[in-house]
Amino acid sequence: MIVSPSLLSANFADMRPDLEMINRSEADWLHIDVMDGVFVPNISFGFPVVKCVAKECNKPLDVHLMIVEPQKWINQVRDLGAEIMNVHQEACLHLHSCVQEIHRTGMKAGVTLCPATPVSTLVDIIEDLDLVLLMSVNPGFGGQPFIEHTLKKTGELRRLIEQTGSKAVIEIDGGVNDKTGARLAEAGADALVAGSYIFGKEDAEERIRLLKNL
């Protein structure tokens, strides 16, 4: 299982110890949620903060833009050295064009679906994607309970990927812990984003290891 700890749950007053923990751990990526207070009802951090994080973290950056008009920021995300740029289907008027531009910069392209957005909206673009992120909570805040319907949705997405021959990785974000993670792995997930389950815990590295071995 790919594990992408979410920086949204780190200690913003002093992120260096959390980043050092991530660097030591078996985490595969670092998940970074950029929020604008418009697309989602919260503001997280902007690109100057992410640039500082990128200098301290030796894991690939999994950058999730929860913002309107994400296509305007493709070059800035690329300049951070991000490996994956993830945009919301609901925020892109011309999704295919946005995905093409992400690929042009050399990054992998991910598309996120909110809980109420059906998998079927990706039928015409799934073969162009490197990753699909299913939100298993409503986007904007950490620590929310897991939405059970995500398990069915994960299975639907897995079938679509297999039917089309897409190489897209299935990533899940929201309410992920060892128990929900095990169920998601069984449903067909490839990658798990976890925040409050990991950060601030004395056994954070062990928790990452547990998710990694699901």
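Scope of the values below: all heavy atoms of this structure, side chains included, with no hydrogens, waters or symmetry mates.
Asp36 places a side-chain N or O within 3.5 Å of a backbone atom of Phe39 that can act as its donor or acceptor partner. Between the side chain of Ser4 and the main chain of Leu192, no donor-acceptor pair closer than 3.5 Å is present. Between the side chain of Ser136 and the main chain of Gly174, a donor-acceptor pair closer than 3.5 Å is present. With hydrogens and angles ignored, the 3.5 Å screen pairs no side-chain donor or acceptor of Ser97 with any backbone N or O of His94. In this structure a side-chain-to-backbone donor-acceptor pair under 3.5 Å is missing from Arg207 to Lys201. For Ser44 (side chain) and Met35 (main-chain N/O), a donor-acceptor pair under 3.5 Å exists by modelled atom type. Between the Ser9 side chain and the Ser196 main chain, a donor and an acceptor come within less than 3.5 Å of each other.
Contact check for Arg24 versus Ile22: no side-chain heavy atoms found under the 4.5 Å cut-off. Inter-residue side-chain proximity for Met135 and Thr112 is flagged as met; some heavy-atom pair is nearer than 4.5 Å. Side-chain contact between Glu171 and Val193 is present, with at least one heavy-atom pair separated by less than 4.5 Å. Between Pro5 and Ile208 there is a side-chain heavy-atom pair separated by less than 4.5 Å. Contact annotation: the side chain of Pro115 approaches that of Pro139 to within less than 4.5 Å [non-hydrogen atoms, C-beta and beyond]. Here the side chains of Phe146 and Asn177 are not in contact, with every heavy-atom distance at 4.5 Å or above. Trp29 has its side chain out of reach of Leu61: every pair of non-hydrogen atoms, C-beta onward, lies at least 4.5 Å apart. The side-chain heavy atoms of Ile32 and Phe45, taken from C-beta on, include a pair separated by under 4.5 Å.
A donor-acceptor contact under 3.5 angstrom links the side chains of Asp130 and His103, judged on distance only. In the model, Thr117 has a side-chain atom that pairs as donor or acceptor with a side-chain atom of Glu90 under 3.5 Å. His31 and Asp33 share a donor-acceptor pair across their side chains, judged by distance under 3.5 Å alone.
For NZ of Lys108, the number of neighbouring non-hydrogen atoms (other residues, nucleotides, ligands) closer than 6.0 Å is 12 at most. Atom CZ of Arg209 has more than 12 heavy atoms from other residues, nucleotides or ligands within 6.0 Å. By the neighbour-count criterion of 12 heavy atoms within 6.0 Å, atom CG of Asp14 is densely surrounded, having more than that number from other residues, nucleotides or ligands. With a 6.0 Å radius and a threshold of 12 heavy atoms from other residues, nucleotides or ligands, Glu202 has its CD atom at or below the threshold. Within 6.0 Å of CD on Glu186 lie no more than 12 heavy atoms contributed by other residues, nucleotides or ligands.
Looking at Asp173, Leu133, Val34, Ile102 one by one, the single match for side chain to side chain contact (heavy atoms under 4.5 Å, CB included) with Asn86 turns out to be Leu133.
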Let me see the working for Ile170 and Thr154 under side-chain contact (heavy atoms from CB on, under 4.5 Å), right down to the final yes or no. CA-CA 8 Å; Ile170 298 176; Thr154 301; 4.2 Å; yes

Worked verdict on Leu95 versus Ile125 for side-chain contact (heavy atoms from CB on, under 4.5 Å): CA-CA 8 Å; Leu95 183 58; Ile125 198 171; 3.8 Å; yes

side-chain contact (heavy atoms from CB on, under 4.5 Å) between Asp62 and Leu30: does it pass, once the steps are laid out? CA-CA 6 Å; Asp62 172 21; Leu30 178 64; over 6 Å; no

Could you walk me through whether Asp190 and Arg158 pass the side-chain contact (heavy atoms from CB on, under 4.5 Å) test, one step at a time? CA-CA 10 Å; Asp190 303 298; Arg158 173 56 61 199; 2.7 Å; yes

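Rounding to the nearest 0.5 Å places CD of Glu162 at 10.0 Å from CG of Leu157. Rounded to the nearest 0.5 Å, atoms CD (Glu20) and SG (Cys57) are 11.0 Å apart. Distance CD1/Ile74 to CE/Met107: 6.5 Å, rounded to 0.5 Å.
Between Lys212 and Asp28, at least one side-chain N (NZ, or NE/NH1/NH2) sits under 4.0 Å from a carboxylate O, which counts as a salt bridge. Remark: Lys167 does not engage Asp128 in a salt bridge, criterion side-chain N to carboxylate O under 4.0 Å. Taking 4.0 Å as the cut-off between side-chain N and carboxylate O, Glu156 and Lys153 do not count as a salt-bridged pair. Between Glu101 and Arg78 no salt bridge is recorded (no basic side-chain N to carboxylate O distance below 4.0 Å).
Taking hydrophobic clusters as Ile, Leu, Val, Met, Phe, Trp and Tyr residues chained together by side-chain heavy-atom distances below 4.5 Å, Ile43 does not share a cluster with Val40. Cluster annotation: Ile147 is not connected to Leu184 through the hydrophobic network of ILVMFWY side chains, with a link wherever side-chain heavy atoms come within less than 4.5 Å.
Contact between Leu113 and Pro118 at its shortest, heavy atoms only, is CD1-O, 3.8 Å. Nearest heavy-atom pair, Ala168 versus Ile161, reported as atom, atom and distance to 0.1 Å: O-CD1, 3.5 Å.
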